[in-house]
J.: 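Please see the structure below; I have some questions.
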Amino acid sequence: MADTYILGIESSCDETAAAVVRSGEKLVSNVVASQIATHQPYGGVVPELASREHLRAIVPVVRKALVDAGHTYQSVDAIAVTQGPGLAGSLLVGISYAKALAFALDKPLIAVNHLEGHIHAVLLEERQKGNRELVFPVLALVVSGGHTHLYLAQQNGEAWSYENVGRTRDDAAGEAFDKVAKLLGLGYPGGPVIDRLSPHGNPKTVKFALSQIKHPDRNDRGKKSDDRPRVDFSYSGIKTAVLRYVETHKMKESVETRRKALAQIAKPKLEDYLANCDKQTLDLVASFQGSIVEDLIAKTLAAARAYDVATLLVTGGVAANAELRQRFEQAAAEEGMPVYFPSRPLSTDNAAMIAAAAFPKFLTQDFAALDFSAEAGMALR
Ligand code: KG4
Ligand code: ZN
């Protein structure tokens, strides 16, 4: 079969991204324009600013992805775009532009679920490495700023389908990283900073109780239960526990000093963070990260056992975390189960994953009508 080149566009949160992927197996170009500098002063993503930044970036980002790939608007075979979940205004920027391109160029338009994209980031890179032997059943942990979800992924012919077997009841793991970093005066986004600081602290200093969820999800009340095992997560408690620790250990003043000092530095380096963190803070950070990592691994492996899974995929922004990767690999190896991660650049939001997830839909001609719209709370099925 001839090669298929898909232009992917992603604008669901705070990165404007475009990429060209060949037949779901080769990353040809990958451009990501981050909005971190815009949102940093507010300590988190401001939706209105995100939409405005996407509007500014979308045309040059797509153009660069095509130029880097040696392609033109005319030479790609299809346009793929994130439909949801994400910020409605941000999604609409990508969707409107993708529709305009598809209409003007008379190319097929493919709508992709962002979470499916994260899963296909792993598959794309494994194929690129020559690993095409994916053994089912496959369990994917999608762990990002907005999601901590477990999916059983199935392939029926070329088409993929997903069954959710676990999710967070409150905060996502990445959200906990971001909130804890913010309350410790470490800035935004929190995950990468906590990742780099953790090896400098003692993870055994503070004991955080891991959440054990036994009661049914209140959101599922009234729904018919099919008695399939579920493994849910919860990360708002650990964030509150860190806040309590800061209060009871009289750390608030040093947090404020650190917040102000780091705000003076345009792009703080590891040495800047270390120079502004005492041992108590570093130990707290390491204990927090260690607990989250342990919980993510324990619950994912519990689900893997419950469903007798053969392969694990771990993806989403938090999958970039060094301790998570290392401990996951070790724990999965002890269970005799292969675990695959995307490379770090493809763990966080990008458009290559959208173009990769679109390829099976291209093959099955699962195209979107030009009047489809953004779905901020889109579920993956
Ligand atoms: O997948 P992603 O880029 O966007 C969403 O779909 O949410 O994930 C972003 C999240 C943020 O919460 C960020 O703090 C977290 O991923 N993150 C990390 C790391 N890099 C990004 N968390 C832990 N360690 C990291 N190295
Ligand atoms: Zn994401």
Side-chain angles (χ1 to χ4, degrees), residues 5-21 27-73 76 79-102 110-112 114-115 117-118 120-121 124-125 144-146 174 178 187-193 266-268 315-320 342-358 374 376:
Y5 290 89
I6 298 183
L7 168 68
I9 297 175
E10 150 67 38
S11 70
S12 68
C13 189
D14 57 348
E15 341 260 359
T16 319
V20 175
V21 171
L27 190 152
V28 190
S29 70
N30 185 33
V31 180
V32 181
S34 165
Q35 302 180 359
I36 287 179
T38 304
H39 302 293
Q40 214 149 31
Y42 306 94
V45 179
V46 184
E48 289 78 4
L49 296 184
S51 313
R52 194 185 69 191
E53 292 303 308
H54 285 306
L55 272 174
R56 276 204 187 126
I58 191 107
V59 175
V61 163
V62 168
R63 198 178 288 145
K64 181 160 177 13
L66 289 170
V67 169
D68 288 359
H71 270 269
T72 62
Y73 293 106
V76 293
I79 320 283
V81 65
T82 307
Q83 181 177 12
L87 302 169
S90 294
L91 289 164
L92 280 174
V93 176
I95 291 173
S96 309
Y97 190 54
K99 281 183 185 179
L101 283 180
I110 301 169
V112 175
H114 181 83
L115 305 175
H118 275 302
H120 282 262
L124 160 66
E125 291 194 303
S144 68
D178 294 335
Y188 155 89
V193 182
K267 273 195 181 161
T315 186
V318 182
S343 63
R344 285 207 172 75
L346 289 203
S347 296
T348 47
D349 288 351
N350 64 84
M353 67 188 202
I354 302 303

J.: Taking Ser144 for its side chain and Gly316 for its backbone only, find out whether a donor-acceptor pair lies under 3.5 Å.
T.: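 Such a contact is absent between Ser144 side chain and Gly316 backbone.
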J.: With respect to Thr16, which candidate in Arg56, His54, Glu53 satisfies the side chain to side chain donor-acceptor pair (under 3.5 Å) definition?
T.: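 Going through Arg56, His54, Glu53 one by one, the side chain to side chain donor-acceptor pair (under 3.5 Å) with Thr16 is satisfied by His54 alone.
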J.: Can you name the nearest heavy-atom pair linking Ser90 to Cys13, along with the distance?
T.: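 Shortest heavy-atom separation between Ser90 and Cys13 comes out as OG-O, 3.8 Å.
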J.: Can you tell if the side chain of Tyr97 reaches within under 4.5 Å of the side chain of Val81, non-hydrogen atoms only?
T.: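 Not in contact.
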J.: Measure the spacing between CG of Leu92 and OG of Ser11 and express it to the nearest 0.5 Å.
T.: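 It comes to 8.5 Å.
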J.: Going by distance alone, is a donor N or O of one side chain under 3.5 Å from an acceptor N or O of the other, for Ser343 and Glu125?
T.: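 There is such a pair (donor and acceptor under 3.5 Å, judged by atom type) between the side chains of Ser343 and Glu125.
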J.: So do the side chains of Gln83 and His114 get within less than 4.5 Å of each other, counting heavy atoms only?
T.: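 Result no, sub-4.5 Å side-chain heavy-atom pair not found.
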J.: Are any of the side-chain heavy atoms of Ile6 and Val20 separated by less than 4.5 Å?
T.: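 Not touching, per the 4.5 Å side-chain cut-off.
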J.: Check Leu101 against Ile79 and note the closest heavy-atom contact, atom names and distance.
T.: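 Heavy atoms of Leu101 and Ile79 come nearest at CB-CD1, 4.2 Å.
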J.: Between Ala18 and Val61, what is the shortest heavy-atom contact and its length?
T.: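 So the two residues come closest at N-CG1, 3.5 Å.
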J.: Report yes if some heavy atom in the side chain of Met353 is under 4.5 Å from a heavy atom in the side chain of His118; otherwise report no.
T.: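 Yes - at least one pair of side-chain heavy atoms lies under 4.5 Å apart.
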J.: A side-chain contact here means heavy atoms from C-beta on lying under 4.5 Å apart; do Leu124 and Val21 qualify?
T.: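 Yes, at least one pair of side-chain atoms sits under 4.5 Å.
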J.: Should Ile9 and Ile354 count as side-chain neighbours, where that means a heavy-atom distance under 4.5 Å?
T.: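 Result no, sub-4.5 Å side-chain heavy-atom pair not found.
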J.: Between Val193 and Tyr188, is there a side-chain heavy-atom distance shorter than 4.5 Å?
T.: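 SC-SC contact between Tyr188 and Val193 ruled out.
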J.: Should the pair Tyr5 and His71 be assigned to parallel (<30°), tilted (30 to 60°) or perpendicular (>60°) ring geometry?
T.: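 Taking His71 first and then Tyr5, their aromatic rings sit tilted (interplane angle of 30° to 60°).
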J.: Before giving the answer on side chain to side chain contact (heavy atoms under 4.5 Å, CB included), spell out for Val45 and Leu87 the whole-Å C-alpha distance, their side-chain angles and the decisive distance to 0.1 Å.
T.: CA-CA 10 Å; Val45 179; Leu87 302 169; 4.0 Å; yes
J.: Report yes or no: does Ser34 contribute a side-chain atom to a donor-acceptor pair with the main-chain N or O of Ile36 at less than 3.5 Å?
T.: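 Present.
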J.: Quiz question: by atom type and distance under 3.5 Å, do the side chains of Glu10 and Ser12 form a donor-acceptor pair?
T.: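 Checked: Glu10/Ser12 side chains pair up, N/O donor to acceptor below 3.5 Å.
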J.: What's the shortest heavy-atom distance between Ala88 and Ala374, and which atoms?
T.: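 Heavy atoms only, the tightest pair is O-CB, 4.3 Å.
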J.: Taking Asp178 for the side chain and Gly190 for the main chain, is one N or O donor matched with an acceptor at less than 3.5 Å?
T.: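 Confirmed, Asp178 side chain pairs with Gly190 backbone.
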J.: When you measure from the side chain of Ser347 to the backbone N and O of Gly317, does any donor-acceptor pair fall under 3.5 Å?
T.: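 Here the side-chain-to-backbone pair does not exist.
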J.: Measuring from atom CD1 of Ile110 to atom OG1 of Thr82, what distance do you get when rounded to the nearest 0.5 angstrom?
T.: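 OG1 of Thr82 is found 12.5 Å from CD1 of Ile110.
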J.: Within this structure, what is the OG-CG distance for the pair Ser29 and Leu7, rounded to the nearest 0.5 Å?
T.: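 Here the interatomic distance stands at 8.0 Å.
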J.: Indicate the atoms forming the closest heavy-atom contact of Leu27 with Asn30, along with that distance.
T.: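 So the minimum-distance heavy-atom pair works out to CD2-CB, 3.7 Å.
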J.: If every non-hydrogen atom of Ala19 is compared with every non-hydrogen atom of Ala352, which pair is closest and at what distance?
T.: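 That would be CB-N, 3.4 Å.
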